[in-house]
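Take a look at the structure below.
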Protein chains: 2
Amino acid sequence: MSSTTIRPLRADAERTVRTILEAAERTLNRNPAATMEEIAAAAGVARTTVHRRFATREALITAMSEWATRQLAQAVDDARPDTSPPLVALYQATANVLRVKLSWGFSMNTSLAKGNESERIWNAVVDRCDQLFRRLQDAGVLRAEVDPVWARRVYYALIHEVCQDLSTTSNETTGSDPDTDALATQLIDTLLRGTGSPTAQL
Amino acid sequence: MSSTTIRPLRADAERTVRTILEAAERTLNRNPAATMEEIAAAAGVARTTVHRRFATREALITAMSEWATRQLAQAVDDARPDTSPPLVALYQATANVLRVKLSWGFSMNTSLAKGNESERIWNAVVDRCDQLFRRLQDAGVLRAEVDPVWARRVYYALIHEVCQDLSTTSNETTGSDPDTDALATQLIDTLLRGTGSPTAQL
DNA sequence: ACAACTTGCATCACCAATGTTGCAAGTAGT
DNA sequence: ACTACTTGCAACATTGGTGATGCAAGTTGT
């Protein structure tokens with residue numbers, strides 16, 4: 001029920017599927033209106049092959065979304081957000097999520113259709129994050145008067161901003177992986193302390 | 001040179017143009033792939049009328065972008081970012097920009113084509129903002145070690161987040177204008193102080 | 001009132017993208 | 001080696017959106 005795949009694919013076909021998904025991500029990230037032709041070209045396969053694996057364009061995008069969302073969920077889970085000390089988990093999760101989001105920016109931004117499997121997973125992730133932010137507040141990391149949901153939203157916005165910048169700036173120059181740990185540190189520093197000096201007040 | 005309009009339009013035509021621009025904004029904001037037909041319907045005119053005013057779909061979107069960018073520039077200018085005390089200007093600009101961005105979310109997010117008039121205006125606005133953030137730092141509002149460009153980017157991200165939320169949440173329930181001043185206050189508070197408590201540190 | 005302008009409607013041509021099929025050549029797994 | 005699977009290629013049908021045109025009815029401004 002996870003995918004339209006009925007029976008297991010042969011090894012080469014499986015590889016092709018992943019190649020297509022990755023090529024689609026790259027291509028659609030640059031141009032959301034890219035054609036199946038362009039995606040196929042980017043994957044180095046014929047257009048008919050793409051259609052053999054994904055009946056319609058919509059099916060392809062759904063599959064991308066599902067794939068990306070699963071990876072995101074994994075990234076968060078790996079940080080053990082319910083059991084680790086919350087601030088540690090926040091760091092871990094941030095670095096992990098940045099890694100995923102940098103490669104799957106398009107797929108993560110496609111508004112997930114209602115009733116989708118992706119939507120379920122996504123909501124689970126959001127719940128998990130909200131819970132983490134409540135834990136952060138209980139631990140005194142967040143100020144008491146701050147709405148943890150607002151804090152989580154600011155956090156998302158910062159992640160989005162960092163990814164946005166990275167995918168336009170450094171992707172072209174070097175293929176070297178950006179230092180997600182350093183980015184996570186800067187991000188969380190900004191999230192918690194802001195950019196203002198303690199002296200000047202409103 | 002501002003638009004493809006050669007000679008002045010009659011009053012009713014002028015009104016039609018603005019009606020179309022607004023309808024296009026609303027429609028494309030909900031669904032970026034909306035057809036000219038849908039846009040025309042939303043504007044309460046025939047599709048041919050839209051094509052009479054905007055030769056191609058691209059021309060329409062360009063016009064929207066230009067229109068929105070001009071309003072944005074106006075919103076920033078009205079805050080007198082070079083002459084007012086920087087923190088005052090920041091408040092003023094934020095409230096103004098929120099008002100504009102809430103109505104023109106789609107048009108502001110369309111990546112402006114190179115060489116566009118919109119791009120020129122947009123760059124001017126960015127320069128203006130960067131300068132404001134340098135003034136903020138000189139005034140001691142921003143911490144000395146913070147990169148003012150990073151601060152500006154965080155600021156943009158927060159604005160985007162606030163607009164995102166508003167356009168999905170409250171637009172459906174009430175037509176009442178959201179309190180942009182209160183939003184600006186919350187936004188700037190978060191920007192400067194973050195969400196963390198002063199005690200807990202990294 | 002009159003001329004100029006604008007709009008809706010019906011209709012058309014056009015095209016680019018989508019999705020399908022059959023077949024031949026190549027590859028995976030046993 | 002043999003079978004089943006996968007892929008590329010070529011060709012095709014379909015369709016939904018785009019853009020254009022001519023005309024009749026209505027509106028604006030003077």
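A note on names: the letters A, B, ... follow the listed sequences, proteins ahead of strands, and every chain is numbered from 1. From a predicted model like this one, the values you see are computed outputs, not experimental measurements.
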**Request:** Could you tell me how the ring of B:Tyr155 sits relative to the ring of B:Phe133: parallel (under 30°), tilted (30 to 60°) or perpendicular (over 60°)?
**Result:**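 If you compare the ring of B:Tyr155 with that of B:Phe133, the planes turn out tilted.
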For [X] and [N], give me the distance from atom [atom1] to atom [atom2], rounded to whole Å.
X: B:Leu9; N: D:dT27; atom1: CG; atom2: C1'; value: 15 Å
X: B:Glu37; N: D:dA20; atom1: CD; atom2: C1'; value: 15 Å
X: A:Glu14; N: D:dA4; atom1: CD; atom2: P; value: 21 Å
X: A:Arg52; N: D:dC5; atom1: CZ; atom2: P; value: 14 Å
X: B:Arg15; N: D:dG29; atom1: CZ; atom2: C1'; value: 13 Å
X: A:His51; N: D:dG8; atom1: NE2; atom2: C1'; value: 15 Å
X: B:Asp12; N: D:dG26; atom1: CG; atom2: C1'; value: 10 Å

**Message:** Classify B:Thr48 by what it touches in the nucleic acid, base, sugar-phosphate, or nothing, heavy-atom distance under 4.0 Å.
**Reply:** base
**Asked** Taking the side chain from B:Ser197 and the backbone from A:Gly140, do they hold a donor-acceptor pair closer than 3.5 Å?
**Response** yes
**Asked** Does B:Ile61 offer a backbone N or O that forms a donor-acceptor pair with the side chain of B:Ser65 under 3.5 Å?
**Response**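 Not a single qualifying donor-acceptor pair exists.
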**Request:** Five pairs at each end of the helix from C:dA1-D:dT30 to C:dT30-D:dA1: take the axis at both ends and give me the angle between them to 10°.
**Result:**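 The helix from C:dA1-D:dT30 to C:dT30-D:dA1 shows an end-to-end axis angle of 50°.
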**Request:** Please evaluate the base of D:dG8 for a donor-acceptor partner in the side chain of A:Arg47 within a cut-off of under 3.5 Å?
**Result:**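 No, no donor-acceptor pair under 3.5 Å.
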**Prompt:** So, B:Arg153 and B:Asp147, do they make that salt bridge, N to O below 4.0 Å?
**Reply:**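 So B:Arg153 does not pair with B:Asp147 through a salt bridge.
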**Message:** One thing to verify: whether A:Glu22 and A:Arg18 come together as a salt bridge, which I'm taking to mean a side-chain N less than 4.0 angstrom from a carboxylate O.
**Reply:**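 The answer is yes: the pair qualifies as a salt bridge.
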**Asked** Has A:Arg57 got its NZ or CZ under 6.0 Å from the middle of the six-membered ring of A:Phe54, at an angle within 45 degrees of the ring axis?
**Response** no
**Asked** Among side-chain atoms of B:Asn29 and B:Arg26, is any donor-acceptor pair under 3.5 angstrom?
**Response**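 No - no donor-acceptor pair under 3.5 Å links their side chains.
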**Request:** Could you tell me the separation between the CG atom of B:Asp127 and the CZ atom of B:Arg152, rounded to the nearest 0.5 Å?
**Result:**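 Between B:Asp127 CG and B:Arg152 CZ, I get 9.0 Å after rounding to 0.5 Å.
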**Asked** Out of B:Glu25, B:Gln71, B:Glu66, which one pairs with B:Ser107 under the side-chain contact (heavy atoms from CB on, under 4.5 Å) rule?
**Response** B:Glu25
**Request:** Name the first nucleotide and the last nucleotide along DNA chain C (5' to 3') that come under 4.0 Å of a heavy atom in chain A.
**Result:**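 Nucleotide range with atoms under 4.0 Å of chain A: C:dA17 to C:dG29.
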**Prompt:** How do B:Met36 and B:Ala11 order along DNA chain D: which one's closest nucleotide is nearer the 5' end?
**Reply:** B:Met36
**Message:** Using heavy-atom distances to pick each residue's nearest nucleotide on DNA chain D, tell me which of B:Ala34 and B:Arg10 is more 5'.
**Reply:** B:Ala34
